[in-house]
Amino acid sequence: MRKSLTISAVVHAMVLLWSLIAFAPKAFEKPVDSVPVDIISASDFSRMVAGSRSAPKAPAPKPVVDKVGETKLTDNSAPKVVEKPEVIKTAEKEAPPEAKPEPKREAKPTPPKTDPIAEALKKEQAKPEPKKEEAKVPTPPHRPDPPKPQPKFDAVRIAALLDKRDAQRQTSLGEIINHTPTLGSPKGSAPTLSQNEIDALRAQIRRCWNPPAGAANAQDLRVDMNVKLRIDGSLAAAPVLLERGSSPYFQVFAESALRAVERCQPYSLPVAKYEVWKDIDLGFRLDDLYGG
Amino acid sequence: MRENDLLVPRPLITRRRLLALGAGAGALGLGWPRSALAAVRVEITSGDVQPMPIAIPDFVGGTPGDTEAARSVTQIIAGDLKRSGLFAPIDPAAYIEKIVNTDAVPRFEDWRAINAQALLTGRLTRQPDGRLKGEFRLWDVFAGQQLTGQQYFTTPDMWRRVAHIIADGVYERLTGEKGYFDTRIVFVDETGPKERRIKRLAIMDQDGANVGYITRGDDLVLTPRFSTSDQVITYMSYGQGDPKVYLYNTKTRQRDVVGNFPGMSFSPRFSPNGDMVIMSLQQGGNSNLFAMDLRSRATTRLTDTAAIDTAPCYSPDGGRICFESDRGGRPQIYVMGRDGGPAQRVSFGEGSYSTPVWSPRGDAIAFTKQYQGQFAIGIMGIDGRNERILTSGFHNEGPTWAPNGRVLMFFRDNAGAGGPSLYTIDLTGRNEQKVPTPSFASDPAWSPLLS
């Protein structure tokens, strides 16, 4: 009796203790950002991520770049680069007139091009390199008996060996500044609009569109257009028809669709996915209206 | 034009010219952005089938004396477009910009602000020679460009027609269909008490204006029909004795009896080119279809059955004839070749079908259907499929097509109304309008476009 009572008391106490811990009110937490969830079927998902044979080749990712080219920071390295084209140009210009002065002038311009310092540098660099390769010694600096620096050591020549260029910062240059270092979108979400967002866009355009419903064979009419959007949802340029038809019905139909697209702006689309929707294809047809 | 310049053969082909040709070819290729590179593709498969909001500010009078007439013209145009059910003229009180010069480009943002999709501006000027000049420009407000612009000259008494013609121009440019506003309606005007109803043949503009009477009401008239190519009417009239089919030219006001047949001849209708009249002739208890050449007056028998074949109507190309026949027991719609021969039944629904009328577009047949005590106006494909009832009620009958095949007119006798009235309904069945007539009216027939 007493034994069972104690067991009961202990178990009760344990359950109470556990519930105290388990159901203890938690401190206020920052609410988690809600995540829009779309329920899609497996086939939808595979379609979303599938590649297409006919798809255009994606451009190679651009190197990350801090600045667009043609900045003054590059001046220091410029002289070397600029000199060569100049020389080539003069040679080219002179070549077409005639061939007589060629041997003289060709011989002349080349020597002044060589910079004594650079030449010295080149010689210096050229000498050790082949030797290193030939020797194939893994640790050349620790060699006790290097033959070339010692005999030629001269305090005056040290100055020549110094790098006389100003200190400079390395900047990578390119045509386009690339802000996105990864291949994915900055937010890391899938590179498509969700079905809800597409539906919202579709509903918005549908409300603006007054199709000419009574046209003969309106069921067969369809218009495809490409639309470029700004980040604020307005049109960046007039929509472009992807195909043209000749019938007057097509013209009226296309005009009604173009009018709808113009009328509907600005479009409310998630700014975070701008890269996805800045370029949209819209197809207009009246299937639903004719129940088919 | 540019391309032509490039293609002109030149004696010397220099490198520069080759480059220019290459660039031109490249530009031509780029002009058609074929490949869709966009990541997102959205299909819009239905729209908001609402009337298009259109702003129609009062036309400008070319001289101070024309202002009043210009305003009337504007109202007629707005009325025409509104009745079509495809346009919603915006209340002029909302207009921001006042149009004073129709040659200047309007301030589109002012019209976008009131959500007008199209803007119609125009001017009416009395010319020194007494004629009227009506001109208009139609603007696409959201695209910011002129869609069309026209001018017309006419005599001052035809000013209503100028308004209708302009309305037709707007309708055609914005729907891709021909308009139907510059047309007339012939109908049977009914006055007097029900027991001694006086029926006169009357003609009016499609909007109910300019009513004129063709007969005096001594004889009973029925089933007037317009020629589809000319302003000639054929109708049936009970004179002395048997009813006869008559022809009436609305221009010369000349009247003719069509043929002289023993027995009744009725439900006449023109062939599409206007040189034949097809009708039914009663012989004993049966009636059969006959076609008569209006020039040679030669008659051809088309059917020979022991049934009642009536209400014949040609297809728009003149190659086939649809008609009503009770050879299968109940009145149904049949189609046969223009020279008779075997007929094919096309209506298979419950109830009985009558008064088939082939659409001017050629793709549908309108009919009156009697089923469960109700009279309905409907359309079906020429093979009998896709039957659709547009309106149904106590008594609806006698559909007639607008020349563009978009709208039907018919007459309806509401229970207790005392007499029939004319109505129009469009093919969607959503836009039904009563046509103003001076008194009761029945048996309407739509003319072709006057111009």
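So you know, we letter chains A, B, ... as the sequences are listed, proteins then strands, and number each from 1. Please read these numbers as outputs of a predicted model, since none were measured by experiment.
Taking the charged nitrogens against the carboxylate oxygens, B:E43 and B:R41 do have a contact shorter than 4.0 Å, which makes a salt bridge. A:E197 and A:R202 are not joined by a salt bridge, as no carboxylate oxygen comes within less than 4.0 angstrom of a charged side-chain nitrogen.
Contact count against chain B (heavy-atom pairs under 4.5 Å) is highest for A:E262 among A:K228, A:K278, A:E262. When the candidates A:L258, A:D224, A:D199 are compared by the number of heavy-atom contacts under 4.5 Å with chain B, A:D224 comes out ahead.
Using a 4.5 Å cut-off between heavy atoms, B:N404 makes no contact with chain A at all. Looking at B:R173, both its backbone and its side chain come within 4.5 Å of chain A, counting heavy atoms on both sides. Residue contact with chain B, scored on non-hydrogen atoms closer than 4.5 Å, involves the backbone and the side chain of A:R263 alike. Interface residue A:L201: only side-chain heavy atoms are found under 4.5 Å from chain B.
Looking only at atom types and distance, the side chain of B:Q433 has no donor-acceptor partner in the side chain of B:R83 under 3.5 Å away. B:Q206 and B:D182 share no donor-acceptor pair across their side chains, judged by distance under 3.5 Å alone.
Side chain of B:Y95 to main chain of B:D110: no donor-acceptor pair is present (N/O by atom type, distance under 3.5 Å, no hydrogens or angles).
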